[in-house]
Amino acid sequence: MTAAIVGVGSALPERAVPNSHFAAIGSSDEWIVKRTGIRQRHFLPEDGHLADLALAAARTALAQSGRAAREVGHVVVATTTPDRTTPGLAVEVAARLGADRAAAFDLHAACAGFVYALDHAVALIESGRAGTVLVCGAEALTRITDHEDRSTAVLLGDGAGAVVVADVDPGPSVEPAFRLGSDGDLIPLLYADRYDRKLRMDGPEIFVQAVERMSEAARDVLARRELTADDVDLFVAHQANARIVRAVGKELGVPQERLYLNVDRVANTSSASIPIALHQAWQEGRLGPTGLLGVAAFGAGVTWGAGVIGWRPADAESR
């Protein structure tokens, strides 16, 4: 038995916001696209519930996996913007999903949260403590966005993505591997404090750190499994900025056709970005019936991580 991703799902708010929305703060469509690759993002209404998006993504992933909700042993939701201070999103998602036997908790590692949660899910399965784990990344970043700050406002969007991780037999030929890291000395580069409650960022330095940390972690993971970039069927990095993703791909030698980008459509959705991208890649036929996925992320903290994991959907016709 080897842990693999067996189902994916995503959900976006109905409201799509084009770059023209930011003309009032001096940001043109041309300026935004050139610097970030972003063309639109989705905003959750002020009275909207992030749990609704997380639940929709989870239901899609679970349906594709062929598993029943009662088979889920753990529900892990990566988020920095839950609907409540407490309890977290995960307990509500588990209850509404019907996963009444599941432990449930939220995980906060900013934009790297999904990779952290994915590593945790694999560890639960490898240790025998769970056979099926639902991992969700869900964010309403508009709740902590300074909409007058052109350096951050144009970058951020809302959404949710989910994957089901389960033990499969026969398992993928490559066992999952992850490398996670953090450096609290770099907190001033990207943070939101309890007084201001808005994201503040040193963009140029974050760019450098993100490329360096994600590339280093991914190289370590590949080396540990004696792999090269050519062995990975699809590489999905955190969709913060198209230039960052392409720079990481270049550092690793990932061919363009195996490097996934959807930041133009959804912008930076923090911990939701990788699972949203995985689901959209599946819908577009970029993922085959089986394969090896590479993931990498970097976020506030600073936190980062990378991993490789097999892809084995139960329903190969569910696009």
Side-chain angles (χ1 to χ4, degrees), residues 3-5 8 10 54 57 61 74-80 90 105-126 133-139 141 159-165 174-183 186 190 206 209-225 227 229 232 234-241 244-245 248-249 251-252 254 259-263 266 268-279 281 292-311:
I5 293 176
V8 292
S10 67
H74 288 71
V75 175
V76 185
V77 177
T79 185
T80 60
F105 66 92
D106 287 7
L107 183 153
H108 183 350
C111 298
F114 176 78
V115 176
Y116 271 60
L118 192 58
D119 174 64
H120 185 77
V122 168
L124 285 168
I125 290 169
E126 290 179 338
V133 180
L134 174 69
V135 178
C136 180
E139 299 287 4
L141 292 180
V163 302
V164 175
V165 183
V174 177
E175 293 183 2
F178 291 85
R179 179 186 169 189
L180 308 178
S182 70
D183 186 348
L186 300 181
L190 178 57
I206 283 293
Q209 290 288 335
V211 173
E212 178 181 338
R213 306 289 186 165
M214 284 195 284
S215 299
E216 179 186 18
R219 276 194 293 265
D220 178 80
V221 168
L222 292 172
R224 209 181 324 155
R225 287 293 180 259
L227 301 170
V232 176
L234 192 70
F235 182 75
V236 181
H238 166 50
Q239 305 288 305
N241 179 310
I244 290 176
V245 175
V248 173
E251 285 286 325
L252 298 174
V254 178
L259 184 68
Y260 191 75
L261 271 170
N262 72 338
V263 70
V266 299
N268 180 349
T269 55
S270 188
S271 63
S273 76
I274 291 177
I276 290 173
L278 287 173
H279 188 223
L292 184 66
L293 303 175
V295 296
F298 177 92
V302 297
T303 57
W304 65 88
V308 291
I309 186 170
W311 158 250

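- Residue Trp311 holds its CH2 atom at 7.5 Å from CD1 of Ile5, rounded to the nearest 0.5 Å.
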Begin from the C-alpha positions of Val163 and Leu134 and carry the test side-chain contact (heavy atoms from CB on, under 4.5 Å) through to its verdict. CA-CA 6 Å; Val163 302; Leu134 174 69; over 6 Å; no

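- The two atoms that bring Ala218 and Leu252 nearest to each other are CB-CD1, 3.6 Å, heavy atoms only.
- Side-chain atoms of Arg224 and Asp220, non-hydrogen and from C-beta on, do get closer than 4.5 Å to each other.
- Considering every non-hydrogen atom in both Leu118 and Val295, the closest pair reads CD2-CG2, 4.4 Å.
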Under the side-chain contact (heavy atoms from CB on, under 4.5 Å) criterion, do Val302 and Leu190 qualify, and how do the steps go? CA-CA 8 Å; Val302 297; Leu190 178 57; 5.5 Å; no

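- Checked by atom type and distance alone, the side chain of Arg225 never pairs as donor or acceptor with a backbone atom of Val308 at under 3.5 Å.
- A heavy-atom distance below 4.5 Å is not found between the side chains of Leu259 and Leu234.
- Judged purely by atom type and a 3.5 angstrom limit, Arg179 has no side-chain atom pairing as donor or acceptor with the backbone of Gly307.
- A centroid separation of 6.0 Å or more is found between the aromatic rings of His120 and Phe178.
- Of the inter-residue distances, the one linking Ile125 atom CD1 with His74 atom NE2 reads 10.0 Å to the nearest 0.5 angstrom.
- Within the 4.5 Å cutoff, side-chain heavy atoms of Leu107 are placed close to those of Tyr116.
- None of Val245, Thr269, Val263, Asn268 except one satisfies the side-chain contact (heavy atoms from CB on, under 4.5 Å) rule with His238; the exception is Asn268.
- Heavy-atom minimum distance, Glu139 versus Ser270: OE2-OG, 3.4 Å.
- Rounded to the nearest 0.5 angstrom, Ile244 CD1 and Ile206 CD1 are separated by 8.0 Å.
- Taking every heavy atom of both residues into account, Phe298 and Gln209 meet most closely at CZ-CB, 3.7 Å.
- Put simply, the side chain of Ser273 gets close to the backbone of Gln239: a donor and an acceptor are under 3.5 Å apart.
- Atom CG of Asp119 is separated from atom CG of Leu124 by 9.5 Å, given to the nearest 0.5 angstrom.
- Within the 3.5 Å criterion, the main-chain N or O of Ala78 finds a donor-acceptor partner in the side chain of Ser271.
- Between Glu251 and Arg219 the shortest side-chain heavy-atom distance falls below 4.5 Å.
- Rounding to the nearest 0.5 Å gives a distance of 10.5 Å between CZ of Phe114 and CD1 of Ile276.
- Taking both residues in full, the closest heavy atoms of Arg213 and Trp304 are given as NH1-CH2, 3.3 Å, listed atom of the first, atom of the second, then distance.
- For the pair Cys111 and Gly299, the tightest heavy-atom approach, listed with the atom from each and the gap, is CB-CA, 3.7 Å.
- Considering OG1 of Thr80 and CG of Leu141, their distance stands at 5.5 Å, rounded to 0.5 Å.
- In this structure the side chain of Val115 reaches within 4.5 angstrom of the side chain of Leu180, judged on heavy atoms.
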Walk me through whether Val254 and Val232 qualify under side-chain contact (heavy atoms from CB on, under 4.5 Å). CA-CA 8 Å; Val254 178; Val232 176; over 6 Å; no

